[in-house]
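Notes for the one structure printed next.
The structure presented is a predicted model; accordingly, all values stated were derived computationally and were not measured. Heavy atoms only: backbone and side chains are in, while hydrogens, waters and symmetry mates are out.
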Number of protein chains: 2
Amino acid sequence: MRMSEGVEWAMHTCLNLAWVGADQAVPAARLAAFFELPAAYLNKQLQALVRAGIVRSVSGPRGGFRLARAPDEITPMDIVAAIEGTEEAFRCTQIVARSPRGDPTVDYRKGCAVARTMRKADLAWRAELAARSLADIQADVERHTPTIGQDIRGWFAA
Amino acid sequence: MRMSEGVEWAMHTCLNLAWVGADQAVPAARLAAFFELPAAYLNKQLQALVRAGIVRSVSGPRGGFRLARAPDEITPMDIVAAIEGTEEAFRCTQIVARSPRGDPTVDYRKGCAVARTMRKADLAWRAELAARSLADIQADVERHTPTIGQDIRGWFAA
DNA sequence: GAAATACTACTCGGATAGCGTCTGTCCGAGTACAGCCGG
DNA sequence: CCGGCTGTACTCGGACAGACGCTATCCGAGTAGTATTTC
């Protein structure tokens, strides 16, 4: 159960976009250069963020990506769901229905005690990810490195 | 972030072993037949449970698998960790260290705010899985189907 | 001089290969039981 | 009749292919800005 590496890229890239501000668009190549990442592949992840409505894209010269919402309206859950998909990690294939006592015509996804247990854990995970926002994480970083916003704006302006 | 299908098999199979009781060993082929699963592949999952110390194996005629601990001493977390491994889903590759302000010689896995956020959610997920036991799930099923234990013991005896 | 137009450079977007991990399968090592042989 | 032994059948355990999804890359569609041409 390994999460895609693109999640880490998307999280840090969205943070950079938050610090740069939504008034200017940043090209994928420049966003990738910041972390020395392959630009084409980061572009692919950014497309997923566009489809999820987290960032907006602008084509052509002076184009690039910018946040579609305020940082306090974007949660880690949104970003993870955009990259990894919305379906939960544990997929109940209803093997109980194939057991001697099972009924193939019944939907066991709600009733199965195992599925319920896994779903409850999944919901706890999702709730934790949805409880924070990009703004919270920004504040967290700024507490340790107060000049981070200014530094990043400067780097992307140069 | 898709969980291995073997987790579902292992969970339900461990439940069956719990109902059968630890006094008799059940062959992998019979455990697989209960859910119409490929026996060789279920055997592979059972080997992982053996390595994790959740079940004990006995070779030769009258051999098979039996629970190594009481059902109330086995948590879903134990089974998931046995099949999926113990490392967390989000792996921090420390891309921050490659940023202009980063230092490649520093370990960012503890300090990175993104990694902390993901780790906290992961811990919430693990805590939920560790809070229940096989015995709890057994009781949950027996509430809906009181004869399940007797039925399963009968099926595996026949 | 101004406006319309063609051109160029730049960026996103989706389509296209390469690779690793999960899925599925097989055969060999080891063991308990049963039958057989000898005392 | 009893004990030891050999053979057999059964089961686990690790080694061996195949398939799916993640990783990585490329080129085409579309756009803004600019230079040019024409009135």
Side-chain angles (χ1 to χ4, degrees), chain A residues 1-10 13 17 20 24-33 35-68 80 82-87 89-91 93 95 156, chain B residues 1-10 13 17 20 24-33 35-68 80 82-87 89-91 93 95 156:
Chain A
M1 199 188 54
R2 179 171 54 87
M3 189 176 292
S4 168
E5 200 174 3
V7 172
E8 185 183 12
W9 301 5
T13 297
L17 289 177
V20 167
Q24 63 172 324
V26 183
R30 192 135 192 84
L31 289 167
F35 292 118
E36 298 179 4
L37 300 174
Y41 191 32
L42 178 63
N43 190 12
K44 190 176 181 62
Q45 314 295 346
L46 287 167
Q47 288 172 30
L49 295 177
V50 170
R51 280 191 290 270
I54 296 171
V55 306
R56 299 283 289 177
S57 65
V58 181
S59 290
R62 302 276 299 167
F65 297 90
R66 64 179 193 276
L67 288 187
V80 171
I83 304 295
E84 290 287 327
T86 56
E87 64 185 26
F90 180 84
R91 292 163 304 117
T93 61
I95 63 174
F156 279 106
Chain B
M1 199 188 56
R2 180 171 53 86
M3 189 177 291
S4 168
E5 200 174 1
V7 172
E8 185 184 11
W9 301 5
T13 298
L17 288 177
V20 167
Q24 62 173 325
V26 184
R30 192 134 191 84
L31 289 168
F35 293 117
E36 298 178 5
L37 299 174
Y41 191 31
L42 178 63
N43 190 11
K44 192 177 180 62
Q45 313 295 347
L46 287 167
Q47 287 172 29
L49 295 177
V50 170
R51 280 191 291 270
I54 296 172
V55 305
R56 299 285 289 178
S57 64
V58 181
S59 290
R62 301 277 299 167
F65 297 90
R66 63 179 195 275
L67 288 185
V80 171
I83 304 294
E84 289 287 326
T86 56
E87 65 185 26
F90 180 84
R91 290 164 305 117
T93 63
I95 63 174
F156 280 106

message = For A:Arg2 and A:Arg51, find the nucleotide of DNA chain C closest to each by heavy atoms; which residue's nucleotide sits nearer the 5' end?
response = A:Arg51
key: Nearest-Å distance for atom pair CG/C1', residues A:Leu49 and C:dC12   = 14 Å
note = note: A:Glu8, atom CD; D:dT23, atom P; distance rounded to Å ~ 11 Å
query = Is the shortest side-chain N/O distance from B:Gln47 to OP1 or OP2 of D:dG14 below 4.0 Å?
reply = yes
Spacing of B:Arg62 atom CZ relative to D:dT11 atom P, expressed in whole Å = 10 Å
inquiry  = Is the phosphate of C:dA32 approached by B:Ser59 (side-chain N or O, under 4.0 Å from OP1 or OP2)?
reply    = no
ask   = From D:dT31, C:dT25, D:dC12, pick the nucleotide closest to the side chain of A:Pro61?
value = D:dT31
key: Euclidean distance, atom CD of residue A:Gln45 to atom C1' of D:dT25 [Å, nearest integer]   = 13 Å
remark   = On DNA chain C, more 5' by nearest nucleotide between A:Leu46 and B:Ala39 is A:Leu46
Residue A:Gln24 excluded, over 12 heavy atoms near CD under 6.0 Å = yes
inquiry  = Just so I know, are the side chains of B:Thr13 and B:Val55 near enough to count as touching, which here means a heavy-atom distance under 4.5 Å?
reply    = no
ask   = If you pin B:Ala28 and A:Glu84 to their nearest nucleotides in DNA chain D, which one's is more 5'?
value = B:Ala28
key: Whole angstrom value for the distance that separates P of C:dT25 from CG of B:Leu37   = 11 Å
key: B:Tyr41 side chain, from C-beta outward: closest of D:dC26, C:dC33, C:dG24   = C:dG24
task = State which of C:dT21, C:dA15, D:dG13 makes the closest approach to the side chain of A:Lys44.
result = C:dA15
message = Just the rounded figure in Å: distance from C1' of C:dT21 to CE of B:Met1.
response = 16 Å
pair B:Asn43-B:Phe65: side-chain heavy atoms closer than 4.5 Å = yes
remark   = By nearest-heavy-atom nucleotide on DNA chain D, the more 5' of A:Gly60 and A:Glu5 is A:Glu5
request  = Measure from CZ on A:Arg91 to C1' on D:dC20 and round the result to the nearest Å.
outcome  = 11 Å
Residue A:Ser4, side-chain atoms from C-beta onward, closest of D:dT25, D:dC22, C:dG13 = D:dC22
message = As a test of reading the structure: which of D:dT23, D:dG13, C:dT11 is closest to the side chain of B:Val50, going by heavy atoms?
response = D:dG13
request  = To the nearest Å, give me how far apart CZ (B:Arg30) and P (D:dC10) are.
outcome  = 14 Å
request  = Respond yes when some side-chain nitrogen or oxygen of A:Ser57 is under 4.0 Å from OP1 or OP2 of C:dG13, and no when none is.
outcome  = yes
inquiry  = Quick check: do A:Met1 and B:Met1 have side-chain heavy atoms less than 4.5 Å from each other?
reply    = yes
request  = State whether the number of non-hydrogen atoms from other residues, nucleotides or ligands found under 6.0 Å of A:Arg56 atom CZ is greater than 12.
outcome  = no
request  = Kindly compute the distance separating CG (B:Leu49) from CH2 (B:Trp9), expressed to the nearest 0.5 Å.
outcome  = 13.0 Å
query = Which nucleotide sits closest to the side chain of A:Asn43: C:dT25, D:dG13, C:dC12?
reply = C:dC12
